[in-house]
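All values below come from the heavy atoms of this structure, side chains included, with hydrogens, waters and symmetry mates left out.
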Amino acid sequence: MKSNWKTVTLESICRQITDGSHFSPKTADSGFPYITVRDIENDQIDFDNCKFVSADDFNQLLKNGCKPNKGDVLFSKDGTVGKVALVDYETNFVVLSSLAILRPDNNQIDSAFLKYVLKSPAFLDEAIGKKTGVAIRRIILRNLKAILVPVPPLPEQQRIVGILDAAFDGIATAKATAEQNLQNARALFESHLQSVFTQRGEGWVEKPLNAVCDLQNGYAFKSGDYIESSNTLNIRMSSIRPGGSFDSEHNQRFLPDSYAKEYASFLLKEGDLIIAMTDMAGDPKILGVPTLVSNLNGRNFLMNQRVGKLFGFSESVRVPYLRYFLASPLIKQYYKSKGAGGLQINISKGDILSAQIPIPGIVVQDRVVNQLDELVAETQRLESLYQRKLAALDELKKSLLHQAFSGAL
């Protein structure tokens, strides 16, 4: 750090550090924006999708100091610590207590510079390290105020802000391009998958799924069945990812090892084809997704009642061909239309098995599978490439912030 920089507490360079409302007002269909942690993404406040409060509640929260002013910086302190947004506009809105409102002393620190300080790896590590609580972990205002921050002279602050603004704009553009390329790669595969099963050739026949296989529901294990640890786990919808990959390591619940014998008919084995019969938290991207079971590593996995296993396959259909069809947009749309329920959409065994499957001869099925396997491999290669680019861009931002506040930028 340069000799003309000083290190001071966050409180000493702010005219005020407070937080938002400690009670949740009744939300309204319209009125004044009411901002919480979830409304801040990519350093911006999402006013389009936020909740609103009435004029009366707004005026009360205004009196309580819950309205940020132009030039203030917001910092998320409850749950997800470290989301930051600079209020560089005049807008009437109020915030919840999960957001701290920092009002900088502009004689000492530039608002934009403060924003970058709060985003720096050193500050975030310190803030996260000071989190307390059990149900919702947070950094309390007293501890936030006491964090030490580097402060150069104002001209130096403005020079650093100019460099970081330009660099971050470039990184944002590069990230947007990489994210679009990632979406394009996935969309290309989805489009090809759709065309395979809609542009059918000579000799194709259409049959209901129950003509080529059957479906077994899992078992409705009760909450009292679960224990702390064992070699027997319960497979739930959370094990099935939207892309059709199988997660055997996370979000599982343990069952007594004796259940592996008692409920042997619900045991899964490597290579089983399972399907999600319920969406996840209202997200239909998981509904009907087929997944090959893998990576069991010698453990016992018993099916939850909302996971179904396809079995008893006819010799007229290849299982990999069937799996690709069940992953296609065509069948996803069908299952979505058949789903029932409110917040959580369910699809019945009967509706799953009534889906119509276009079936060519075995030679054509094998050719389709080989082509799709090659496209999957290329899509995965591109996804991996773009994911690495996105990760590298995030690391570049961290590196620039580290350099900025160690005096090396």
(request) Begin from the C-alpha positions of D72 and R103 and carry the test salt bridge (Lys or Arg N to Asp or Glu O under 4.0 Å) through to its verdict. (result) CA-CA 5 Å; D72 289 350; R103 191 156 295 154; 2.7 Å; yes
Counting distance only, does the side-chain N/O of [X] pair as donor-acceptor with the main-chain N or O of [Y] below 3.5 Å?
X: Y335; Y: I352; value: yes
X: K131; Y: G79; value: yes
X: N210; Y: S354; value: no
X: Q365; Y: I359; value: no
X: S76; Y: G82; value: yes
X: Q157; Y: Q108; value: yes
X: D105; Y: I13; value: no
X: E126; Y: V149; value: no
X: S230; Y: L255; value: yes
X: Q158; Y: D110; value: no

(message) Can you confirm whether more than 12 heavy atoms, excluding those of H402, are under 6.0 Å from its NE2 atom?
(response)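 No, because the 6.0 Å sphere around NE2 of H402 holds 12 heavy atoms or fewer from other groups.
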(request) Can you establish whether the number of heavy atoms outside E315 located under 6.0 Å from its atom CD is more than 12? (result)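 Count not over threshold, so no.
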Got [X] and [Y] here, is their nearest side-chain heavy-atom distance under 4.5 Å?
X: V293; Y: F301; value: no
X: P152; Y: F113; value: yes
X: F325; Y: V317; value: no
X: L296; Y: R299; value: no
X: L292; Y: L273; value: yes
X: H192; Y: V196; value: yes
X: F311; Y: C213; value: no
X: N234; Y: D225; value: no

Mind listing the closest non-hydrogen atom pair of [X] and [Y] along with its distance?
X: P121; Y: K398; answer: CG-O, 3.7 Å
X: A185; Y: T379; answer: O-CG2, 3.7 Å
X: Y324; Y: V369; answer: CE1-O, 4.1 Å
X: G298; Y: N231; answer: O-ND2, 3.5 Å
X: P25; Y: V53; answer: CG-CG1, 3.6 Å
X: L118; Y: L124; answer: O-CD2, 3.4 Å

What is the distance from atom [atom1] of [X] to atom [atom2] of [Y], rounded to the nearest 0.5 Å?
X: F405; Y: W5; atom1: CZ; atom2: CH2; value: 7.0 Å
X: Q44; Y: L86; atom1: CD; atom2: CG; value: 8.5 Å
X: L188; Y: N181; atom1: CG; atom2: CG; value: 12.0 Å
X: Q356; Y: L330; atom1: CD; atom2: CG; value: 11.0 Å
X: N217; Y: R306; atom1: CG; atom2: CZ; value: 7.0 Å
X: L114; Y: N106; atom1: CG; atom2: CG; value: 9.5 Å

(request) With salt bridge (Lys or Arg N to Asp or Glu O under 4.0 Å) as the test, would you mind laying out the steps for K269 and D272 before giving the verdict? (result) CA-CA 6 Å; K269 64 181 184 297; D272 277 345; 3.1 Å; yes
(request) Fit a plane to each ring of F266 and Y263, take the angle between them on a 0 to 90° scale, and name the class: parallel (under 30°), tilted (30 to 60°) or perpendicular (over 60°). (result)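 Answer is tilted, since the angle falls between 30° and 60°.
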(message) In terms of relative ring orientation, are F47 and F93 parallel, tilted or perpendicular, with 30° and 60° separating the classes?
(response)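 Ring orientation of F47 relative to F93: perpendicular.
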When you compare the side chains of [X] and [Y], does any donor N or O come within less than 3.5 Å of an acceptor on the partner?
X: S98; Y: D78; answer: no
X: N370; Y: E374; answer: no
X: S316; Y: S314; answer: yes
X: S337; Y: Q333; answer: no

(request) Report the C-alpha distance between L99 and V37 in whole Å, list the side-chain angles of each, state the deciding distance to 0.1 Å, and finish with yes or no for side-chain contact (heavy atoms from CB on, under 4.5 Å). (result) CA-CA 7 Å; L99 293 171; V37 172; 4.1 Å; yes
(message) If you apply the rule side-chain contact (heavy atoms from CB on, under 4.5 Å), what do you find for K67 with F58, and how did you get there?
(response) CA-CA 9 Å; K67 176 191 176 298; F58 172 80; 4.2 Å; yes
(message) Out of the candidates R142, K145, K77, only one should pair with D19 under the salt bridge (Lys or Arg N to Asp or Glu O under 4.0 Å) rule; please name it.
(response)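 Going through the options one by one, the only one that passes is K77.
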(message) The test is side chain to side chain donor-acceptor pair (under 3.5 Å); show your working for Q403 and S399 and say whether it passes.
(response) CA-CA 6 Å; Q403 291 179 57; S399 175; 3.2 Å; yes
(request) Would you mind listing every side chain to side chain donor-acceptor pair (under 3.5 Å) that reaches into residues 160-178, with sequence neighbours excluded? (result)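 Output for this query lists Y116-D165, K175-D394.
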(request) Give a yes or no on whether a salt bridge exists between D57 and K26, defined as a side-chain N under 4.0 angstrom from a carboxylate O. (result)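 Salt bridge: no.
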(request) Kindly state each residue pair satisfying ring-ring contact (aromatic ring centres under 6.0 Å, His included) with at least one member in residues 66-87, sequence neighbours excluded. (result)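 Qualifying pairs: F75-F123.
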(message) Under the criterion side-chain contact (heavy atoms from CB on, under 4.5 Å), I'd like the reasoning laid out for T91 against I45: C-alpha separation, chi angles, the key distance, then a yes or no.
(response) CA-CA 11 Å; T91 300; I45 299 174; over 6 Å; no
(message) Let's go through I101 and L74 carefully: what are the C-alpha distance in whole Å and the side-chain angles of both, what is the deciding distance for side-chain contact (heavy atoms from CB on, under 4.5 Å) to 0.1 Å, and is it a yes or a no?
(response) CA-CA 5 Å; I101 305 171; L74 303 182; 4.0 Å; yes
(request) May I ask you to check whether F197 and Y321 place their ring centers less than 6.0 Å from one another? (result)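 Judged by ring-centre distance (under 6.0 Å), F197 and Y321 do meet the cut-off.
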